Structure formats: C-alpha cells, structure tokens
Student: 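Here it is, the structure in full.
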There are 2 protein chains.
Amino acid sequence: MRPMVPYALNDGSPLLASLEREGYRLTAPRRAVAGLIAAQRSHFSAADLVAEARSRRVGVGRATVFRTLEVLSDIGAVERLDLPSGDHAYVACEPLHHHHAVCTRCGRSDDIEDAGLRAIVRTVERRTGYRIDEHRLELFGLCPDCQAS
Amino acid sequence: MRPMVPYALNDGSPLLASLEREGYRLTAPRRAVAGLIAAQRSHFSAADLVAEARSRRVGVGRATVFRTLEVLSDIGAVERLDLPSGDHAYVACEPLHHHHAVCTRCGRSDDIEDAGLRAIVRTVERRTGYRIDEHRLELFGLCPDCQAS
DNA sequence: GTTTTTGCAAACCATTTGCAGGGTC
DNA sequence: GACCCTGCAAATGGTTTGCAAAAAC
C-alpha cells in the first residue's frame, strides 16, 4: 500500500508546487518549462531554455518561456541574476529571501543565508539616514570543485 | 595672483581627471558626456544622456555615449547599477571599490563603504568552500529627504 | 462558461558594430 | 604622422506585445 501523500498535480516539482500554491494554472507549457529548468545544472538564460526545448522537441513558445520565467520570478521560485559580464541568468531557488554565491567557472550557484548582512543594513541606515527596504547581494568566485581542478 | 594649481585640461571634472589619468584622450565628445553626467541629479541611463544631449543641442552620437560610459565604467569612474525593476542605470562615483544605497523614490544614490561586508564574505567562504573573488551589494530604500516629505 | 494562458509573428528597444573621416597627442 | 576616437546608419539580440485559438478551472 502506498504511503498517504496529498493529492497533487505538480509531480513533486517545487516550481510547480509554488505555481499551484500561488494560484497559477498548471498548464502543459508550464510543466514543460519547469522540467527544462529542473534539468539545468547551473544558471541558465531564457535562451538556454528555448534551445533546450527545441533540441528535446518540447513544444513551448519563446514568449511562454519568458512569461513563465517572469511568473516564477514574481513568486520567488526563480531568481534573476546579473552576472559580472552584464548578462542575465536565472537560478531556481527557494522562495525565501536569500542570496547566491555563483561560480564564475562552472556556473554552479548556492544559496547563502543572511550571514550578518542584516547588521550591515542596519549600520548603513544609521550612517546614511536611508531607510533600506530591499537589498541584493551577489558573490562571485570559484566553487570548491573548480578550485580543486 | 591666482593660486598655483597643476595645469589640467579636465576642467576639474573628476570624470575627465580619471580619463586623463588612465591615458584616454580628452576629446570634445567625452567632455560633453562628462558634462551631461555631472548634470544628472540621480542615476541615469544611456538614453537619458542621449536625450539630454539632444535637448541641450550638444552634438554627441548615441554610440559615443555608450562607448564613453563603457570606458568610464571600466576605469571605475561610473558604476552600472541593476535596479530592482530590472532596468540598468549608471551613477558617477569614486573609482574605489564600494557599494551604493539608492533611493527608490528620487533616484539619489550615496556611496557606502565596506561596513562589514568583508567579514561576511569571509564567513561565506568558510561555510560554503567557495573562493569569492568579486561581490556586488546594492541597497534600495528611501533617502532621508524622501522619508521626510 | 468564464478566465487564463498560449503561440505566433511582429514590434521594441537598448546596445553593438563596420567603416570612413577627423581629432588628439 | 600614427593611432585613437567619432558619427552614422545598419545590424543585433534579448524581451515584449497584440490577438485569436486553446486549455484550465
């Protein structure tokens, strides 16, 4: 007998789960995009997904890829990065506030938690008089594996 | 008798001084762009400068505006920001490593120094095993004036 | 059945580039 | 005088949009 699990149409995908939770419709194209994203090994661009869709013969329009990324980004299931090169890339992530360490060699990225940033924000507020509502921190370097090889 | 000041062709503009120091030629178009930037009250886009040039009847080609911004950005006299909206903007700044607090209402921006970030970077390196080479921190909120009004 | 979502193709818009002429050092 | 820089206009490339058909709830 199978274990009791709540009925779900999201295939266990956290991306689809987030969409469902936020009241978005679970359509075939969105499932496809979620699948494409899940297959990415590192950060990816909209173009990467479009190319992957084509090579896998998954029928998803370019516009839909962009629209889905926008929705996922809105609900925090995906984050848009600005790479040092100036390019944009996305990474799938937990819909909680956090930051990323991104490997400049292989593109791997890891979530990092606060690590004391909150204190810095408070310090800056005190020193400058600004009221900080939002912040973005991106760290770039070499991941453990790329340092080793 | 005028005070002794070193002979300079840069009109006292820090932007031009940086260009000169880095060995770039001080051309009329670059002077014009520097002037346009100096006139900006808050962060600005390349399009802002082009529009301003047109309205002031300053003859500077669009391409030159972009090329000059690129050079200034390379030498750190200007920094390119990624606004929360996803738009790009530039701010003039001291050519030293630092970060910005940006007002989301009026666009004003202030430089902020380290404020403890270095320690955070070290913590993250220790926890994740990454070797961080580069980082970017952007703070967004309301400047003192905009909080008051 | 109503409301969302999709695909397509065209539209957009910021940015880049090739190249011949002009300016700077 | 050599090399750097500019303007122009065309090319580029990522992203958005209008709209009618299709799908989800």
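A quick note: this is a predicted structure, and the numbers were derived from the prediction, not measured. Residue numbers begin at 1 in each chain, while the letters A, B, ... track the order of the sequences.
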Student: Rounded to the nearest Å, what distance is computed from the CZ atom of residue Phe66(A) to the P atom of nucleotide dT16(D)?
Tutor: 7 Å
Student: For Asp87(A) and dG14(D), what is the distance between atoms CG and C1' respectively, to the nearest whole Å?
Tutor: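 My rounded result for the distance is 10 Å.
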Student: With a 4.0 Å cut-off on N to O distance, would you call Asp110(B) and Arg108(B) a salt bridge?
Tutor: yes
Student: Could you give the distance from NE2 (His98(A)) to CG (Asp111(A)), rounded to the nearest 0.5 Å?
Tutor: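 Output value for this atom pair is 3.5 Å.
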Student: Does atom CD of Glu22(B) have more than 12 heavy-atom neighbours from other groups under 6.0 Å away?
Tutor: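 Yes, CD of Glu22(B) has more than 12 neighbouring heavy atoms, counting only those of other groups under 6.0 Å.
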Student: Decide if the gap between the ring center of His43(B) and the ring center of His100(B) is smaller than 6.0 angstrom.
Tutor: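 No.
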Student: For Asp82(B) and dA14(C), what is the distance between atoms CG and P respectively, to the nearest whole Å?
Tutor: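 For the pair Asp82(B) CG and dA14(C) P, the rounded distance is 16 Å.
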Student: Give me the bend of the helix from dG1(C)-dC25(D) to dC25(C)-dG1(D), using the axes of the five pairs at each end, rounded to 10°.
Tutor: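 Computed from the C1' atoms at both ends, the axes differ by 50°.
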Student: Near DNA chain C, under 4.0 Å by heavy atom, which residues of residues 36-57 of chain B?
Tutor: Ala46(B)
Student: Can you tell me the distance, in whole Å, between the CZ atom of Arg62(A) and the C1' atom of dG14(D)?
Tutor: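 My rounded result for the distance is 10 Å.
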Student: Whole angstrom is fine here: how far is it from CG in Leu16(A) over to P in dT5(C)?
Tutor: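 Going from Leu16(A) (CG) to dT5(C) (P), I get 14 Å.
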Student: Return the polar atom pairs (N/O with N/O) between nucleotides 3-6 of chain D and the protein under 3.5 Å, or none.
Tutor:
unit_1	atom_1	unit_2	atom_2	d
dC3(D)	O2	Arg25(B)	NH1	3.2
dC4(D)	O4'	Arg25(B)	NH1	2.9
dC4(D)	O4'	Arg25(B)	NH2	3.3
dC5(D)	OP1	Arg30(B)	NH1	2.8
dC5(D)	OP1	Arg30(B)	NH2	3.3
dT6(D)	OP1	Thr27(B)	OG1	3.0

Student: Would you call the rings of Phe44(B) and Tyr90(B) parallel, tilted or perpendicular, where under 30° means parallel and over 60° means perpendicular?
Tutor: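 Rings of Phe44(B) and Tyr90(B): parallel, under 30°.
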Student: Could you state the CZ-P distance from Arg31(B) to dT24(C), rounded to the nearest angstrom?
Tutor: 8 Å
Student: Leu69(A) has an atom CG; how far is it from atom P of dG14(D), in whole Å?
Tutor: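 Leu69(A) atom CG is separated from dG14(D) atom P by 14 Å.
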Student: Measure the shortest side-chain to side-chain distance between Ser109(B) and Ser42(B) over non-hydrogen atoms and say whether it is less than 4.5 angstrom.
Tutor: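 No, every pair of side-chain atoms sits at 4.5 Å or beyond.
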Student: Is the shortest side-chain N to carboxylate O distance from Arg136(B) to Asp82(B) below 4.0 Å?
Tutor: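 Yes, charged N to carboxylate O under 4.0 Å.
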Student: Are Val60(A) and Thr68(A) side-chain neighbours, meaning at least one heavy-atom pair lies under 4.5 Å?
Tutor: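 In short, these two side chains do not touch, never coming nearer than 4.5 Å.
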Student: Do Val50(B) and Leu15(B) land in one hydrophobic cluster if side-chain heavy atoms of ILVMFWY residues count as linked below 4.5 Å?
Tutor: yes
Student: Expressed as a whole number of angstroms, how long is the span from Arg80(B):CZ to dT16(C):C1'?
Tutor: 12 Å
Student: Can Arg127(B) and Glu113(A) be counted as an ion pair, charged N to O under 4.0 angstrom?
Tutor: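 Here Arg127(B) pairs with Glu113(A) in a salt bridge, since their nearest N and O are under 4.0 Å apart.
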Student: Do His135(A) and Leu117(A) have side-chain heavy atoms sitting under 4.5 Å apart?
Tutor: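 Yes, their side chains come closer than 4.5 Å.
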